[in-house]
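Working notes, structure below.
Letters go in sequence order (proteins before strands), and every chain restarts at 1.
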Protein chains: 4
Amino acid sequence: MSKVRRIGVLTGGGDAPGLNAVIRAVVKSSYNYGIECLGLENSFDGLLETNRHTVLTPRNVTGILRVGGTILGTVNRGNPFLKPIDTSDGPKDYAERCMEMFHKLQIDGIVVIGGDGTLSIAHEFNKKGMPIIGVPKTIDNDIVGTTNCFGFDTAVAFATDAIDRLHTTAQAHQRVMVVEVMGRYAGWIALYSGVAGGADVIMVPEIPYDIDIVAQRIKERDSFGAKFSIVVVAEGAVPRGGKVSLVKAADGGYVERLGGVGHRVAAELEKLTGKETRTVVLGHLQRGGSPTSFDRMLATRFGAMAVELLVKGESDRMVAFHPPEIGSIPLADVGGKMRLVPADGDVVRTAKSLGISFGDE
Amino acid sequence: MSKVRRIGVLTGGGDAPGLNAVIRAVVKSSYNYGIECLGLENSFDGLLETNRHTVLTPRNVTGILRVGGTILGTVNRGNPFLKPIDTSDGPKDYAERCMEMFHKLQIDGIVVIGGDGTLSIAHEFNKKGMPIIGVPKTIDNDIVGTTNCFGFDTAVAFATDAIDRLHTTAQAHQRVMVVEVMGRYAGWIALYSGVAGGADVIMVPEIPYDIDIVAQRIKERDSFGAKFSIVVVAEGAVPRGGKVSLVKAADGGYVERLGGVGHRVAAELEKLTGKETRTVVLGHLQRGGSPTSFDRMLATRFGAMAVELLVKGESDRMVAFHPPEIGSIPLADVGGKMRLVPADGDVVRTAKSLGISFGDE
Amino acid sequence: MSKVRRIGVLTGGGDAPGLNAVIRAVVKSSYNYGIECLGLENSFDGLLETNRHTVLTPRNVTGILRVGGTILGTVNRGNPFLKPIDTSDGPKDYAERCMEMFHKLQIDGIVVIGGDGTLSIAHEFNKKGMPIIGVPKTIDNDIVGTTNCFGFDTAVAFATDAIDRLHTTAQAHQRVMVVEVMGRYAGWIALYSGVAGGADVIMVPEIPYDIDIVAQRIKERDSFGAKFSIVVVAEGAVPRGGKVSLVKAADGGYVERLGGVGHRVAAELEKLTGKETRTVVLGHLQRGGSPTSFDRMLATRFGAMAVELLVKGESDRMVAFHPPEIGSIPLADVGGKMRLVPADGDVVRTAKSLGISFGDE
Amino acid sequence: MSKVRRIGVLTGGGDAPGLNAVIRAVVKSSYNYGIECLGLENSFDGLLETNRHTVLTPRNVTGILRVGGTILGTVNRGNPFLKPIDTSDGPKDYAERCMEMFHKLQIDGIVVIGGDGTLSIAHEFNKKGMPIIGVPKTIDNDIVGTTNCFGFDTAVAFATDAIDRLHTTAQAHQRVMVVEVMGRYAGWIALYSGVAGGADVIMVPEIPYDIDIVAQRIKERDSFGAKFSIVVVAEGAVPRGGKVSLVKAADGGYVERLGGVGHRVAAELEKLTGKETRTVVLGHLQRGGSPTSFDRMLATRFGAMAVELLVKGESDRMVAFHPPEIGSIPLADVGGKMRLVPADGDVVRTAKSLGISFGDE
């Protein structure tokens with residue numbers, strides 16, 4: 001393999017706590033290898049214009065380990081493979097332009113930190129000859145091939161703290177509190193924060209619920225003397241028998257405004273149980289804030305491993321957590337798949353053995 | 001004055017962090033005076049039935065200092081002066097029944113921890129001969145005659161932390177984030193968390209806003225290079241020229257479900273600025289959780305002072321914070337009034353001097 | 001296998017966040033199996049006297065999920081196999097007495113939550129016919145056969161937060177801050193909090209340090225413009241070439257008073273670098289507080305699995321985290337061993353690639 | 001008064017959470033007045049050399065509101081009035097040189113953020129014709145004329161959280177935990193965190209303690225069934241009858257290393273009560289971290305008021321919190337005095353009425 005002299009790093013997709021920690025690890029690690037590191041702004045847009053990259057040294061990343069967000073930005077024009085662009089040489093697609101800039105900047109490889117979508121684009125670029133190592137990023141923890149993505153632990157920690165707060169107020173008022181957490185397709189945040197927060201009901205996309213069963217569980221608690229209940233609902237939870245249409249999939253940005261699953265479930269439960277019910281939608285609070293120590297460690301190990309793989313001449317792979325080791329898998333194995341909560345897995349079974357209802361039995 | 005031998009303590013109204021800290025102080029303080037302390041459950045309902053009171057000793061309040069909620073409960077049948085009740089002696093109102101129980105239990109005075117409504121009821125009971133010292137409780141900090149109510153600092157701390165979290169995600173995505181906080185009539189939480197969290201716009205009930213001015217401020221920031229903005233909105237914020245009807249006043253419990261001011265303001269700002277806008281409604285998260293050290297200290301001092309006043313033979317007064325002292329004011333001065341944010345006060349002026357817009361100029 | 005009707009649960013050894021979460025899971029899970037659960041107080045002492053056990057139901061464990069410490073206590077008379085006791089039937093050892101009580105109470109199995117020492121005792125009791133499932137507990141994370149023990153993540157989170165706090169003050173004063181963390185034999189807390197907190201130097205028992213190399217690293221940073229440094233030291237860190245005698249092993253309780261490794265290292269560094277140096281010893285702060293969501297989940301899964309194993313008729317095993325699954329290993333494989341930080345493992349290599357010095361090269 | 005066109009801002013003395021919040025407010029507020037703001041580095045050293053000042057605009061202070069430490073640094077050569085300096089014009093003292101630079105830079109006034117010592121120097125400079133407004137900064141909250149200094153609430157919040165953590169571990173192990181907090185001369189942190197954290201004993205410099213009385217209190221708790229105790233000790237607490245010599249006053253930097261009052265008190269209590277006793281010294285952890293919302297608000301108001309006073313042509317004054325207003329007092333009234341805990345004040349009386357011992361009766 002030829003020697004690696006210059007690498008790039010970029011972040012794509014939604015915000016997640018730990019992005020800066022990965023960037024910092026990539027910068028510090030490449031610095032110690034004697035490799036120059038270019039920060040590319042706003043995902044692959046950083047390869048579209050001449051002035052959207054900067055050399056990053058350890059000094060540039062001082063203090064960012066504990067700061068949420070990303071110093072490189074994520075706002076971009078969308079998938080470069082789907083966008084035509086007019087140039088003086090006639091129309092090109094963005095991706096072609098990115099390849100040109102990639103060669104012009106004499107970059108030997110890129111660390112791409114992103115979710116499912118960004119990693120799929122990364123795989124396409126690999127095919128075109130841009131060596132890329134992916135770093136999996138998703139609050140929802142639903143990327144395949146890795147037990148954990150950074151950001152998930154922080155989101156769960158925040159949601160758990162929120163459930164703690166709602167417990168005391170639910171108890172004082174003898175109410176049902178419905179907490180809507182992230183998870184459009186996978187219920188990991190709901191499952192983990194629900195168990196860690198001591199919820200009574202957890203509703204995840206993978207286990208369609210019967211609202212009558214949920215209401216029954218709340219009424220049982222009432223008769224047992226526990227006059228309040230905590231219900232954790234993933235935003236993608238669906239009733240048995242079919243998707244509801246209230247959450248407009250084509251209009252993602254407005255889901256939260258028009259009232260999502262949390263408000264709907266609360267209204268149904270209030271009607272069925274006769275108990276005062278309140279909803280809290282955690283929303284973007286789950287994406288922000290300083291990463292937990294767990295996520296900082298994971299993000300740091302991911303970043304360092306990504307550089308190590310590039311140095312070894314590897315590409316088209318995603319770093320992955322195979323506890324206690326950091327490993328890697330082919331990027332080709334990642335796209336279009338999703339790691340779901342197994343409905344009969346041991347965490348769900350544990351939750352059920354504690355008396356937590358998933359609304360399914 | 002005759003010697004005080006037995007007192008009661010009860011909590012009424014909405015949950016607030018620090019309720020348990022007041023109860024603990026009342027119990028420990030009365031214990032050290034050699035006074036027996038009865039915990040009355042669920043506000044004045046604790047005087048309606050024979051079995052809704054318990055003797056509380058220091059052992060009963062071990063560990064509750066740092067726990068949110070109230071060990072005495074707050075769920076009750078409503079204002080005892082407005083409720084008739086059938087008894088074997090014919091109809092009575094609840095208040096009469098409470099007085100009977102009060103005498104039967106040989107209580108010398110009661111510490112009533114509650115908001116505006118509960119304290120007004122307390123004042124009525126005082127007139128009937130039940131010696132009461134009130135302790136002001138409101139997240140919103142809008143009770144007159146005291147610079148601070150316990151619970152407020154905790155609510156502001158949580159809201160400030162939420163704004164911190166949203167900052168990094170707003171910045172990464174170049175978005176406008178609208179944070180709806182509590183404050184139906186008074187904007188203290190919005191004002192304090194907005195300044196402490198570094199908000200760009202703060203909207204409070206006391207200063208009607210012009211949405212165009214708010215949008216203008218956001219666009220100015222954009223052109224200045226600050227591509228994101230944080231807007232803190234009190235739930236009672238209103239546009240200049242009149243109340244909007246979207247927030248159904250007659251149906252308080254559903255305000256949050258149907259979409260309150262936060263979602264409405266966000267929709268308007270997205271339209272006016274063309275920027276991606278997201279909303280987070282903090283809701284009940286502001287009521288729960290462990291009280292801050294500030295609120296624990298304030299609650300403890302309030303509780304101890306309430307007992308001291310009863311011991312001195314005083315009644316019909318509310319303890320109050322007149323920093324750095326704890327004082328008291330007549331309960332008669334409290335009801336039906338509200339401590340509002342002065343639109344030209346020095347905190348608002350400070351905020352404006354920092355460049356924060358209130359949407360009014 | 002015969003049906004399990006009654007189990008016991010006890011906690012032994014030092015405090016760790018998550019003990020109550022395990023107890024809660026054991027109680028709730030056994031309740032749902034229709035098994036009665038006895039809480040045994042103060043480790044195996046709960047089997048020495050007739051009145052040191054209580055039936056625990058879900059109601060008894062309400063709210064303890066988020067509370068540090070253990071509702072069962074841990075203070076005990078020591079290893080029951082080493083203590084003779086006089087009885088009316090002549091001298092016995094405690095262990096024999098425990099076996100009698102075990103039979104008398106008609107317990108079918110016990111969940112023993114404890115560290116290396118307690119689990120070794122558990123193994124001995126298994127040999128005598130008391131079916132036990134162990135749950136590994138140690139802040140230090142050094143029990144073999146499991147990637148994680150509950151309590152560790154909470155300790156690391158606290159230490160990381162402490163390092164965050166010291167960063168700003170170190171920077172403002174251009175100081176060297178030495179943070180002493182737990183880890184007498186294994187450096188996991190130092191390693192994880194050091195990486196997550198962005199330390200410049202990490203000193204662990206497994207990698208003997210050369211103080212001159214450490215001083216050199218600090219001076220390099222100085223000349224580079226980074227006028228402050230953060231040094232994380234495990235309490236068991238030792239200089240190359242031999243153990244120092246300052247930390248009196250035979251007198252554990254006084255180690256902290258006489259000045260441990262943190263103060264010593266700080267004094268040496270101040271002399272060698274000429275920079276103002278300060279020490280903070282985190283000590284018992286690492287043991288307390290509410291467990292993180294990670295530890296609550298792990299503790300809950302451990303507790304539920306322990307009951308499941310007893311129900312299945314298994315014994316003499318320890319539950320273990322084999323991510324993402326909970327498994328188990330023979331108790332016989334646990335005692336007298338220790339899971340150490342591999343000096344050439346990938347976490348240490350990652351840390352070194354970021355420029356963190358371990359004082360060894 | 002002549003128009004203010006350019007002001008300076010500097011920070012002196014020990015680190016305190018909120019320094020950056022004051023700087024930010026000064027910068028933003030002066031910007032909105034159309035005043036240029038110079039950041040002077042490392043206290044008055046920023047006026048000694050030509051290159052130690054920078055123009056600060058709102059952009060320079062983005063994001064620092066929530067960050068501990070000070071972007072201006074505090075490390076300096078000491079009191080400029082006590083230091084002679086050789087110049088090409090012969091020897092001068094630093095102060096004269098500072099005055100020259102002050103005039104050369106055409107600064108109209110300076111905001112000086114510092115403690116007792118820095119504010120005394122500020123007063124001297126005022127006499128020489130440098131208009132200064134002081135902002136009181138001390139963790140210990142012992143500056144006269146203001147009910148609160150920023151940083152204090154954050155320190156108390158941290159200490160309270162630490163006491164919370166130690167409670168559960170003290171309870172599990174039935175130990176006495178001694179927590180040493182800051183406060184060499186004034187016991188505010190000990191008093192406030194002790195009450196807020198639910199301590200059993202509080203020892204402050206203002207109330208000399210009798211160790212036998214403290215031990216007695218612990219033994220009483222024991223016999224009452226509360227087998228653990230929490231003792232909060234200010235670093236300046238002294239026994240009745242005389243200062244102890246163990247804390248070497250002449251060697252401040254080493255106090256923490258050689259073992260301060262916390263370790264000494266713990267040793268004495270272990271001997272007197274026979275109970276296992278542990279010590280935690282919070283030390284520098286109290287100075288760092290993100291300021292609480294309370295301190296951010298106070299710091300922001302202080303900064304804005306300081307600029308407002310300069311604009312109004314005032315000088316030689318210190319801003320002060322006279323709740324709920326921000327006011328100011330003459331700098332001449334500040335130096336050489338100290339705001340102590342009144343031994344018979346209402347907070348101490350409240351604490352005593354709850355059963356907290358101060359070791360004096």
| Contacts of type salt bridge (charged side-chain N to carboxylate O under 4.0 Å, His left out), residue B:Arg52, not counting sequence neighbours | B:Glu41, B:Glu49
| query | Measuring heavy-atom distances to chain B, does A:Gln171 have an atom under 4.5 Å in its side chain, in its backbone, in both, or in neither? | reply | neither
| pair B:Leu285-A:Leu282: side-chain heavy atoms closer than 4.5 Å | yes
| remark: Heavy-atom nearest pair, A:Ala172 first then B:Gly69, reads CB-CA, 4.3 Å
| What are the residues of residues 153-169 of chain B, in order of number, with any heavy atom under 4.5 angstrom from a heavy atom of chain A? | B:Phe158, B:Ala162, B:Arg165, B:Leu166, B:Thr168, B:Thr169
| said: Does anything in residues 221-230 of chain B reach chain A? List residues with heavy atoms under 4.5 Å apart, or say none. | reply: none
| query | To the nearest 0.5 Å, what is the distance between NE2 (B:His173) and NE2 (A:His284)? | reply | 8.0 Å
| note | In short, salt bridge (Lys or Arg N to Asp or Glu O under 4.0 Å) pairs touching residues 16-25 of chain A with sequence neighbours left out are none
